[in-house]
Amino acid sequence: MAKRGLSGLFGAGSSGRTSRPNRRSPEPSSRWGIPLIFLAAIVALWLGFRLVPDLGALVEDVPILSPSATSEPRLPTRPAATTPPSVPTASSGQGAQPSPTPRIALPDLTQLSEERAVALLEQYRLAAEIEEVFAEDVAPGLVVSQSPPANTEVDEGFTVTVRISKGPENPTMPDVVGTTADNAREKLQPLGVNVEMVEQGSATIPAGRVIAQEPTAGTQVEPGGTVRLTVSAGVDRSTVPDVRDKQLLIAQEELAAIGLRGVVGIELTTDRGTCGTVASQNPEPGLPIPQNSEVTLNIRGGSGASGCTPP
């Protein structure tokens, strides 16, 4: 009974199961809907980048929040303005313009020696080209002229032509007798000769003036030759010595040795001392007088002398 009951129960259940047809689940209205939406979004973004140039920059500047960020999000910034290309300078490499050469005002070189003129140009960073020329009024070895002239502006390293005097082409000896020694030397300097001066005493020509010259005036001279000038030393002077209490002959000898003449003055009959010696003199000792001057000697003694003692 139980078994039957169970089978009847389960059999009734199984036999009573109705079979349904195997139908597929319903699909969306269109299987391409999602891809089309995604494609439309891409096209919209592309059009946005093309139509709005700054959209890309704005998108790039959108801050990205990360879990580790502890500060507030940074606001988006616009890109910096494009700077114009820099102008090439002398040190920027290719295409650089060279710096201008400095301009220099030429110094005045006239009447300078050759060595001094060349040294001065070197200080100005300039070069010198030397030319020798004849010059009547410029001493040999001195600068006659320059090219370009003084104060002309030239570039650094410029070559300046410097003309050096060789003296006169056919120099002749000028007449310098009677002139001062300094004036005579100035007249002879342009000839390029060596001047030799010799002093000589003279009672008629003032000291410092030329008494004679060799060669004579008008004689042709050669540069480098020697010209001898005799220059007055004026009147030679001697200091009067003290010859008192000396015998007359001894006193005259001492005076003659220095270019003076001892002459007898008066005889002093009452002056005490040795007869025949100098009691006094004029000029007195220590005075400078011209050479060949007379010195008066007053002698003790004479006829009827009572004050002197015989030698």
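All heavy atoms count here, side chains included; hydrogens, waters and symmetry mates do not.
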Hphob cluster co-occupancy, [X] + [Y], side-chain heavy atoms under 4.5 angstrom:
X    : Y    : value
I299 : V295 : yes
V162 : F158 : yes
V138 : L112 : no
V144 : I130 : no
V198 : V210 : no

TODO: Would you give the length of the straight line joining atom OG1 of T277 to atom CG of D271, rounded to the nearest 0.5 angstrom?
DONE: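 CG of D271 is found 8.0 Å from OG1 of T277.
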For the side chain of [X] and the backbone of [Y], is there at least one donor-acceptor N/O pair under 3.5 Å apart?
X    : Y    : result
D175 : V177 : yes
R300 : R272 : yes
Q252 : G262 : yes
S238 : I258 : yes

Task: Heavy-atom side-chain proximity of S147 to V160 below 4.5 angstrom - done: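 Contact flag for S147/V160 side chains = no.
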Open item on the list: I need the single residue from L268, V264, L297, I250 that forms a side-chain contact (heavy atoms from CB on, under 4.5 Å) with V278. Which is it?
Closed with: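 By the side-chain contact (heavy atoms from CB on, under 4.5 Å) criterion, V278 pairs with just one of L268, V264, L297, I250: L297.
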Pairs of donor and acceptor atoms involving the side chains of residues 113-127, under 3.5 Å and at least two apart or interchain, shall be tabulated with distances.
residue: S113; atom: OG; partner: R116; partner atom: N; Å: 3.2
residue: R125; atom: NE; partner: E156; partner atom: OE2; Å: 3.4

Task: Ionic contact status for R163 with E131, cut-off 4.0 Å - done: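 R163 and E131: salt-bridged.
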TODO: Determine, for K246 against E254, whether the closest basic-nitrogen to carboxylate-oxygen distance falls under 4.0 angstrom.
DONE: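 So K246 pairs with E254 through a salt bridge.
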TODO: Begin from the C-alpha positions of T180 and D182 and carry the test side chain to side chain donor-acceptor pair (under 3.5 Å) through to its verdict.
DONE: CA-CA 5 Å; T180 63; D182 292 339; 5.5 Å; no
